[in-house]
Chemist: 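For reference, the structure I am asking about is given below.
Whatever order the structure lists them in is the order used to number ligands and atoms, beginning at 1. For the numbers below, each heavy atom of this structure counts, side chains included, while hydrogens, waters and symmetry mates do not.
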Amino acid sequence: MHSDQIYRDTRIIVDLDQIAANMRAIKEMVGDDVSVMAVIKANAYGLGSLAIAPTLMENGACYLAVATLTEAIELRVKYPNYPLFILGHTPDRYLHKVAELNITQTVFSLHQARLLSDISKEIGTRTKIHVKLDTGFHRLGSEPTDDFARDVEEMFGLEGIEVEGIFSHLALAGDEDDAKQYELLTGFINIIENKGFKFKYKHIADSIACVDSPYLRMNMIRPGALIYGMRGFHKGNIDVESAIKFETSISQIHRIKKGEGVGYDFLWRAKRDSVIATLPFGYADGYPRQMRDKGYVIIKGQRAYIVGVLCMDQVVADVTDIKDVAEGDKAIIYGNGKDGSMTIQEASELVGTNKNDIICRLSARPPRVYIGK
Ligand SMILES: *Cc1c(COP(=O)(O)O)cnc(C)c1O
């Protein structure tokens, strides 16, 4: 969206230069021997996958990963040549689309491998697949049994498909459990590779694992959160910064008397004569309703706590202690924390969820404004 077509002060500023810097930092951390599959599912966690895809590809990503075929198609229409990967399951009846559009598909059954092989032969193409192994998460993937090893060996022999990779996903239940999952994956890979079949890509690590446990990087990592600058790791470190700023500006200022209520059910009452500011964002923009009594915005460098019940489209903040506050003043809702703003991480702690939930619940309503290259 071009900034002069935006008619709203509540907006999400996405800094493409910061995303580029984060991507380069990830690439630098893992070195040349590890490929980076950049995870941009759920519309790049709400930041806009179409807008940020080129930044990722130009700064070291070798694949763009999405969760669903619909997400992949959206990217394929705009970017005919980017390598795209579907992390999730695609039902049989849609597999022809995967083949037609040259998308790499997660596969965990011989049945789907054969189907993709037949479809691809028919249309004269070769579809890449990565085999998904269930090493304990029990979400998606086949268990590492001898039978499944034979199935995978058979997949290597199918025309029309290329078994390009194999992967699993960590439950992140602790170092010991991570190691067990890793060993199940590598053990299974060894059985197959010892028979002469080779996987080009082997992967298990998401953002947290690739920073905290270098051995889990294998030869490919799948970071999402890190790209957007969310620092969820515990042991390791990497210099990534938040690439988003969620901001708005004051619509109206009210001066109210001690004892007066604010908002639905008057659930907040002024303990003193107060100055309050109405801000044009609410839970329909993806701001958690549970922020009541916890949330704050930064106005003129100072914290202004949200008071009363959060509404769908508006909230009210107590600005009594902010000098010279005026209608039209900017308010930072989420930022990088350096200006005192609430980070995505802090927001997730305040409402008792995780950072990916906070960022991807930002709704379609606030416009995304892209700055940087
Ligand atoms: C979402 C997802 C990722 C990325 O997770 P982050 O925590 O954002 O790094 C990696 N792998 C799979 C299979 C996923 O579903």
Side-chain angles (χ1 to χ4, degrees), residues 19 22-23 25-27 29-30 34-47 49 52-53 56 60-72 75 83-90 103-108 129-142 164-173 178 181-182 184-185 201-214 216-238 240-244 343-345 347-348 353-362:
I19 287 180
N22 291 346
M23 189 64 216
I26 295 166
K27 193 70 195 114
M29 172 183 77
V30 297
V34 179
S35 299
V36 181
M37 176 184 276
V39 180
I40 59 169
K41 61 190 179 187
N43 197 25
Y45 295 34
L47 306 194
S49 60
I52 73 164
L56 298 174
C62 96
Y63 252 118
L64 300 177
V66 294
T68 70
L69 175 59
T70 313
E71 292 172 350
L75 281 156
L84 302 178
F85 185 89
I86 297 176
L87 295 158
H89 169 247
T90 301
I103 295 163
T104 306
Q105 176 64 50
T106 295
V107 167
F108 51 88
I129 66 166
H130 288 208
V131 173
K132 178 118 198 225
L133 206 66
D134 176 12
T135 53
F137 199 121
H138 299 327
R139 186 174 66 176
L140 207 62
S142 261
E164 187 194 48
I166 183 162
F167 74 111
S168 189
H169 194 63
L170 291 166
L172 301 173
D178 290 351
Q181 288 194 262
Y182 171 79
L184 278 176
L185 176 61
Y201 296 119
K202 307 161 197 181
H203 44 114
I204 195 167
D206 66 349
S207 290
I208 291 175
C210 78
V211 179
D212 282 346
S213 307
L216 293 171
R217 293 172 191 162
M218 305 185 80
N219 73 357
M220 175 175 263
I221 58 169
R222 304 187 307 267
L226 275 187
I227 293 169
Y228 314 110
M230 294 186 290
R231 306 164 58 91
F233 42 83
H234 316 287
K235 291 184 289 178
N237 195 25
I238 179 173
V240 295
E241 296 282 350
S242 174
I244 71 154
T343 60
I344 299 285
Q345 180 71 31
S348 71
T353 183
N354 73 0
K355 56 203 179 345
N356 284 359
D357 178 19
I358 293 291
I359 197 165
C360 78
R361 77 161 74 176
L362 291 169

Chemist: So which heavy atom in the protein is nearest atom 8 (O) of ligand 1, and how far is it from that ligand atom?
Modeler: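 Checking every protein heavy atom, the shortest distance to atom 8 (O) of ligand 1 gives Y45 OH, 2.5 Å.
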
Chemist: What about K132: any of its N or O atoms under 3.5 Å from an N or O on ligand 1?
Modeler: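 K132 vs ligand 1: no N/O contact under 3.5 Å.
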
Chemist: Heavy atoms only, cut-off 4.0 Å: how does R222 contact ligand 1, side chain, backbone, both, or neither?
Modeler: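 Answer for R222: both.
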
Chemist: Could you walk me through whether V66 and F85 satisfy the side-chain contact (heavy atoms from CB on, under 4.5 Å) test, starting with their C-alpha distance in whole Å, then the side-chain angles of each, then the deciding distance to 0.1 Å, before giving a yes or no?
Modeler: CA-CA 6 Å; V66 294; F85 185 89; over 6 Å; no

Chemist: Is there a donor in the side chain of T104 and an acceptor in the side chain of Y63, or the other way round, less than 3.5 Å apart?
Modeler: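 The answer is yes; a qualifying pair exists.
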
Chemist: Has D212 got a side-chain atom pairing as donor or acceptor with K235's backbone, closer than 3.5 angstrom?
Modeler: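 Answer holds: yes.
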
Chemist: Working note: L185 + I166, criterion side-chain contact (heavy atoms from CB on, under 4.5 Å); need CA distance, chi angles, decisive distance, verdict.
Modeler: CA-CA 9 Å; L185 176 61; I166 183 162; 4.1 Å; yes

Chemist: Quick one: look at I208 and ligand 1, take heavy-atom pairs under 4.0 Å, and tell me if it's side chain, backbone, both or neither.
Modeler: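 For I208, no heavy atom sits under 4.0 Å from ligand 1.
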
Chemist: How are the rings of Y45 and Y228 set relative to one another: parallel (under 30°), tilted (30 to 60°) or perpendicular (over 60°)?
Modeler: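 The rings of Y45 and Y228 sit tilted, inter-plane angle from 30° to 60°.
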
Chemist: Checking the N or O distance criterion of under 3.5 Å, is ligand 1 in contact with V39?
Modeler: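 Not met; the criterion fails.
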
Chemist: When you check the side-chain N and O atoms of R222 and H169, is any donor under 3.5 Å from an acceptor?
Modeler: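 There is such a pair (donor and acceptor under 3.5 Å, judged by atom type) between the side chains of R222 and H169.
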
Chemist: Under 4.0 Å from a heavy atom of G224: give me the atoms of ligand 1 that qualify, with their elements.
Modeler: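 Listed by number with element, the hits are 4 (C), 6 (P), 8 (O), 9 (O).
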
Chemist: Select one of side chain, backbone, both or neither to describe which atoms of S207 lie under 4.0 Å from any atom of ligand 1, heavy atoms only.
Modeler: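 For S207, the contact with ligand 1 is made by both the backbone and the side chain.
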
Chemist: Going by the order shown, which atoms of ligand 1 are within less than 4.0 Å of some heavy atom of P223?
Modeler: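 Checking each atom against P223, I get 9 (O).
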
Chemist: Whether the side chain of E164 engages the backbone of Y201 through a donor-acceptor N/O pair (distance < 3.5 Å, no angle test) should be reported.
Modeler: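 Flag not set: sc E164 to bb Y201 has no pair under 3.5 Å.
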
Chemist: I want to confirm something. Looking only at heavy atoms, which of K41, M230, M37 is nearest to atom 15 (O) of ligand 1?
Modeler: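 It is K41 whose heavy atom sits nearest to atom 15 (O) of ligand 1.
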
Chemist: Under 3.5 Å, is there a donor-acceptor pair between the side chain of N22 and the main chain of E241?
Modeler: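 Present.
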
Chemist: Pairs of nitrogen or oxygen atoms closer than 3.5 Å, one from F167 and one from ligand 1: do any exist?
Modeler: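 Among all N and O atoms of F167, none is under 3.5 Å from an N or O of ligand 1.
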
Chemist: For atom 13 (C) of ligand 1, what is the closest protein heavy atom, and at what distance to 0.1 Å?
Modeler: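 Checking every protein heavy atom, the shortest distance to atom 13 (C) of ligand 1 gives H169 ND1, 3.5 Å.
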
Chemist: For A225, counting its heavy atoms only, list the atoms of ligand 1 lying under 4.0 Å from any of them.
Modeler: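 That gives atoms 6 (P), 8 (O), 9 (O) of ligand 1.
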
